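Accompanying notes for the structure given below.
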2 protein chains.
Amino acid sequence: MDTALDRAVRVFRERGYHATSIGDLTAAMRLATGSIYKAFRDKHAVFLAAFERYTALRQEQTRSAAGRGRNGRERIRNVLLSYVAQSQGREGRRGCLVVGSAVELSAVDPAVAARVGAQLKTNEDFIAGLIREGQADGSIPIHVAADDTARLMICITQGLRVVGKARLPLDGDRLVGVAMKLLA
Amino acid sequence: MDTALDRAVRVFRERGYHATSIGDLTAAMRLATGSIYKAFRDKHAVFLAAFERYTALRQEQTRSAAGRGRNGRERIRNVLLSYVAQSQGREGRRGCLVVGSAVELSAVDPAVAARVGAQLKTNEDFIAGLIREGQADGSIPIHVAADDTARLMICITQGLRVVGKARLPLDGDRLVGVAMKLLA
DNA sequence: GATAATAGGGAATGGTTGTTTCCTAATAAA
DNA sequence: TTTATTAGGAAACAACCATTCCCTATTATC
């Protein structure tokens, strides 16, 4: 069932919610119409489940990228580099479910809006935490405004997904090199 | 006819392409079905026309914001502030057609993808130009990498629209204050 | 003033959508 | 082995979609 959900995630990422028909889902999930409706109340429920699976997976990836840094500054650099990598090439064209949901649904779908908002807040808090870590371990100056900088970095990461979907090439080292000035 | 297009822009921004039905368009544009199809080949053509009208209007606003600065650095600050303002409140929730098109359509619609790419490139070139202006007038250090910084700023502006659509509050002065570090 | 041409409106249409229903095959319980 | 229960699949259904067609005013032309 989880592998079917993974396939649903993929279709929703590529096409978005409205452009994905139940027919697309049956083909992608390799489940018949009736089977999908036995497992989920409706298309919306499939989407919500896919959304949650996607965010759980992505969160894991981000934490793991952060884990590969020796101090706060390096952890943030790795997180940003990981975002650029995710936003590029085929994976980038596939898109981000959080960004897609925010743009396509959060204005008209309260359930989705709540989840999108929560996810952004979680990510922002995580980055703010890393900044404070860096200030504690001496790798980031204390005068850096943790919350504002974290929010701006969220904008950068979300913007990367938009730009990546539009197929603009992204050079991770150079882009992140510039972005790290925010921690000066 | 242009005022009808403006109304179409509004609906497409709020709901996106797929979730906007011809019925929605007739209601918004105050035109009957037949009239729309007499003026445009199909729904896709309406969208393309709306997209072009939107980008023309936005471009004008951005140039005008830049015009209110006395040197390169101030022009960029004003452009960023204008983006934050546009991404906030009701206008922010209404969303950006460029971001929306990039996320919802550019993967499956070459015509839209080309327009989105061109628009992003135009904006990026504009910002890069402002950076070079600033370097010429002495308000921005010469060691700033104009192209990389411009691309990162595009990510910030596009990300602002995503975050704004998700209803997160944005403090223009503080956010832009942090972002201006990129020009240090 | 009569006629041609056109802009606009609304009903009809074929296709597609999300959802339900019913049937079949497999598994678990007795 | 037989029965109860469940997971999965395909066809049926009503609602809605984008699009076409045809009709009615209105404008422009002669």
Side-chain angles (χ1 to χ4, degrees), chain A residues 1-54 95 97 100-101 103-113 115, chain B residues 1-54 95 97 100-101 103-113 115:
Chain A
M1 170 55 62
D2 262 2
T3 125
L5 248 188
D6 281 328
R7 294 197 248 258
V9 167
R10 190 195 246 236
V11 188
F12 279 130
R13 285 177 61 191
E14 283 169 355
R15 301 196 238 238
Y17 180 77
H18 289 291
T20 301
S21 71
I22 298 288
D24 294 332
L25 284 175
T26 60
M29 298 172 85
R30 281 133 199 223
L31 251 50
T33 327
S35 306
I36 290 183
Y37 277 88
K38 199 143 290 184
F40 302 94
R41 190 155 39 80
D42 54 14
K43 180 184 167 186
H44 193 256
V46 180
F47 183 80
L48 254 39
F51 183 92
E52 245 139 65
R53 179 149 180 85
Y54 174 79
L97 249 196
S101 305
V103 171
E104 192 187 358
L105 296 174
S106 77
V108 290
D109 186 329
V112 171
R115 274 155 233 251
Chain B
M1 170 54 60
D2 261 1
T3 125
L5 248 187
D6 280 330
R7 294 198 247 257
V9 167
R10 189 194 245 234
V11 188
F12 279 129
R13 283 177 62 193
E14 284 170 354
R15 299 194 238 234
Y17 180 77
H18 289 292
T20 301
S21 71
I22 299 289
D24 294 332
L25 284 174
T26 61
M29 298 171 85
R30 281 109 181 257
L31 251 51
T33 326
S35 307
I36 289 184
Y37 278 87
K38 198 144 289 181
F40 302 94
R41 190 154 40 78
D42 53 13
K43 180 183 165 185
H44 193 256
V46 181
F47 183 79
L48 255 37
F51 183 92
E52 245 138 63
R53 180 147 179 86
Y54 174 78
L97 248 197
S101 305
V103 171
E104 192 187 358
L105 296 174
S106 76
V108 290
D109 187 328
V112 171
R115 275 155 233 251

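First the proteins, then the strands, lettered A, B, ... as listed; each starts at 1. Only this structure's heavy atoms are used, side chains among them; waters, hydrogens and symmetry mates stay out. The structure presented is a predicted model; accordingly, all values stated were derived computationally and were not measured.
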Whole angstrom value for the distance that separates [atom2] of [N] from [atom1] of [X]:
X       : N      : atom1 : atom2 : value
A:His44 : C:dT19 : NE2   : P     : 10 Å
A:Phe47 : C:dT19 : CZ    : C1'   : 19 Å
B:Ile36 : C:dG8  : CD1   : C1'   : 11 Å
A:Leu25 : C:dT16 : CG    : C1'   : 15 Å
A:Met29 : D:dA7  : CE    : P     : 15 Å
B:Phe40 : D:dT20 : CZ    : P     : 15 Å
A:Leu31 : C:dG18 : CG    : C1'   : 16 Å

Next item on the list: Measure the acute angle between the ring planes of B:Tyr17 and B:Phe12, then classify it against the limits of 30° and 60° as parallel, tilted or perpendicular.
Entry: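 Ring orientation of B:Tyr17 relative to B:Phe12: parallel.
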Next item on the list: Report which part of the nucleic acid A:Thr26 touches: base, sugar-phosphate, or nothing (heavy-atom distance under 4.0 Å, all strands).
Entry: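 Nothing, no heavy atom under 4.0 Å.
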Side chains of [X] and [Y] in contact at under 4.5 Å (non-hydrogen atoms):
X        : Y        : result
B:Phe47  : B:Leu105 : yes
A:Glu104 : B:Val103 : no
A:Leu48  : A:His44  : yes

Next item on the list: Report yes if a side-chain nitrogen or oxygen of A:Tyr37 is closer than 4.0 Å to either non-bridging phosphate oxygen (OP1 or OP2) of C:dT19; otherwise report no.
Entry: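 It does, given that an N or O in the side chain of A:Tyr37 lies less than 4.0 Å from OP1 or OP2 of C:dT19.
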Next item on the list: Would you tell me if any nitrogen or oxygen in the side chain of A:Ser35 comes within less than 4.0 Å of OP1 or OP2 on D:dG9?
Entry: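 So the side-chain polar atoms of A:Ser35 do come within 4.0 Å of the phosphate oxygens OP1 or OP2 of D:dG9, strictly under.
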Checklist line | Residue met sooner reading DNA chain D from 5', once B:Thr20 and A:Arg30 are mapped to nucleotides | finding: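 Its nearest nucleotide being more 5', the pick is A:Arg30.
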Notebook entry, point to check: Given that A:Lys38 and B:Ala32 both sit by DNA chain C, which one's nearest nucleotide is further toward the 5' end?
Noted result: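 Nearer the 5' end of the strand: B:Ala32.
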Check: What about A:Lys43, does its side chain sit under 3.5 Å from the base of C:dG18 through a donor-acceptor pair?
Finding: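 There is none.
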Next item on the list: Could you check which of D:dG9, C:dT17, C:dG10 has an atom nearest any side-chain atom of A:Ser21?
Entry: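 Shortest atom-to-atom distance from the side chain points to C:dT17.
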Notebook entry, point to check: Taking the side chain of A:Ile22 as its heavy atoms from C-beta onward, which of D:dT19, C:dG9, C:dT19 lies nearest to it?
Noted result: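 Selected nucleotide: C:dT19.
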Next item on the list: Could you tell me the separation between the CG atom of A:Asp6 and the CE atom of A:Met29, rounded to the nearest 0.5 Å?
Entry: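 Going from CG on A:Asp6 over to CE on A:Met29, the span is 9.5 Å.
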